[in-house]
2 protein chains.
Amino acid sequence: MQEAVQDILKKNQLSITGSRVKILELFLEQQGALAHGDIERRTGEKFDRVTVYRTLQVFLNKGIIHTIPTSDNSVLYALCKDDCGEGHHHDNHVHFVCDDCGTTMCLDDVTVPVIRLPKGFKFTQIQVVVNGRCKDCNRD
Amino acid sequence: MQEAVQDILKKNQLSITGSRVKILELFLEQQGALAHGDIERRTGEKFDRVTVYRTLQVFLNKGIIHTIPTSDNSVLYALCKDDCGEGHHHDNHVHFVCDDCGTTMCLDDVTVPVIRLPKGFKFTQIQVVVNGRCKDCNRD
DNA sequence: ATTATTTTGCAACAAAGTTGCATCTGTTTA
DNA sequence: TAAACAGATGCAACTTTGTTGCAAAATAAT
Ligand SMILES: [Mn+2]
Ligand SMILES: [Mn+2]
Ligand SMILES: [Zn+2]
Ligand SMILES: [Zn+2]
């Protein structure tokens, strides 16, 4: 785990600092997505709010994490699993929001479908967000 | 136009007030979606910010407008075309964001596809947001 | 026209996000 | 390994966005 964190930072030519290590650990030990607030809470207010913002921004630019649009328009972040790089995101999988437990997760195995657009429209990216009950919450 | 506005308000048992008429007009004379900020600007700061928030909230509850999730997590609103009512939205169409001109619009004729979820997951709603170049911007 | 009900604007507040700058930390080089 | 450098952090101050309570104003009902 420690190694994984260091690897990711080195691979992206980022200096290894307390906040980056800690925040990256949070993402690795968590299956769901994290909001900015979650991160602040779970780092035990160890880092300044500004540092968290800037760290997330750096991770986004480097293609280490991606944002997830949600129906309530809160900003969520999740690890990129694939080969995303600086300015090159290709996380074309479906996102799932459980209305029961509130977790938002990447369904890495569910690829986004092809959408037939009206004449004249060209797409570059398709985002799919599914709401419902997750696996765990249905097991009752 | 004036009539359409009055009709919608009456049909939803809403009293006819300056802000409601003006904001509804904005939506009717516009093909794309509007952000809260757009509305404030285009009403010429005629109404208090709080009034705009409350008006949009009322319209949302009544099923006159719906929100659109976007990749940059800004809140956008658009008219419901269908038979949405109080607490009953069924705007299951695809949304399109033009990266060129910035407009976000409802593709009312493009219905959201069925998504095959992993075992154990149940869905209640599927949101699809497509980014790309719109019809108008491709006409060059 | 009078009354009852909603809606509005204001003020005060809370939450979320940004920016500049001095200080500190991690990395590089000699 | 120590000094020098580049980059990251924390703080303060600020902006933007959204919320709440309440009195005044506008709308609807009688
Ligand atoms: Mn994802
Ligand atoms: Mn729509
Ligand atoms: Zn769940
Ligand atoms: Zn366009």
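In what follows, chains carry the letters A, B, and so on, assigned in the order in which the sequence lines appear, proteins first and then strands, with residues in each chain numbered from 1. Below, all heavy atoms of this structure are taken into account, side chains as well, without hydrogens, waters or symmetry copies. Predicted model only: the values in this text are computed from it and were never measured.
Here the options are A:V128, A:T124, A:I126, the test is side-chain contact (heavy atoms from CB on, under 4.5 Å), and the partner is B:V130; only A:I126 passes.
Counting all heavy atoms, side chain and backbone alike, A:C98 lies closest to A:R133 at SG-CA, 3.9 Å. Contact detail for B:N138 and A:G120: the closest heavy-atom pair is ND2-O, 2.7 Å. The two atoms that bring B:F47 and B:V52 nearest to each other are CB-CG2, 4.4 Å, heavy atoms only.
Among residues at least two apart or in separate chains, salt bridge (Lys or Arg N to Asp or Glu O under 4.0 Å) pairs with a member in residues 27-45 of chain A are A:D38-A:R41.
Expressed to the nearest 0.5 Å, how far CD1 of A:I115 lies from CG of B:L107 amounts to 9.5 Å. If you take CZ on B:F121 and CG on A:D136, they are separated by 7.5 Å, rounding to the nearest 0.5 Å. Atoms SG and NZ, on B:C106 and B:K81 in that order, are 5.0 Å from each other to the nearest 0.5 Å. Atom CG of residue A:L56 and atom CD1 of residue A:I65 lie 4.5 Å apart, to the nearest 0.5 angstrom.
Within residues 12-23 of chain B, the residues approached by DNA chain C to less than 4.0 Å at the level of any non-hydrogen atom are B:S15, B:T17, B:S19, B:R20, in residue-number order.
Panel note: side chain A:R20, backbone A:T55; no donor-acceptor pair is recorded below 3.5 Å.
In this structure, the side chains of A:H95 and A:V97 stay at 4.5 Å or more apart for every pair of heavy atoms.
In 5' to 3' order, the nucleotides of DNA chain D bounding all contacts with chain A (an atom under 4.0 Å from a heavy atom) are D:dA8 to D:dA12. Put simply, chain A comes within 4.0 Å of DNA chain C, heavy atom to any atom, from C:dA16 to C:dT27, going 5' to 3'.
B:E86 pairs by the side-chain hydrogen bond (donor to acceptor under 3.5 Å, both in side chains) definition with B:K62, not counting sequence neighbours.
Comparing B:R49 and B:K46 by the nucleotide of DNA chain C whose heavy atom lies nearest to each, the residue mapping closer to the 5' end is B:K46.
Overall, the helix from C:dA1-D:dT30 to C:dA30-D:dT1 carries an axis bend of 30° between its ends, with five pairs at each end and the value rounded to 10°.
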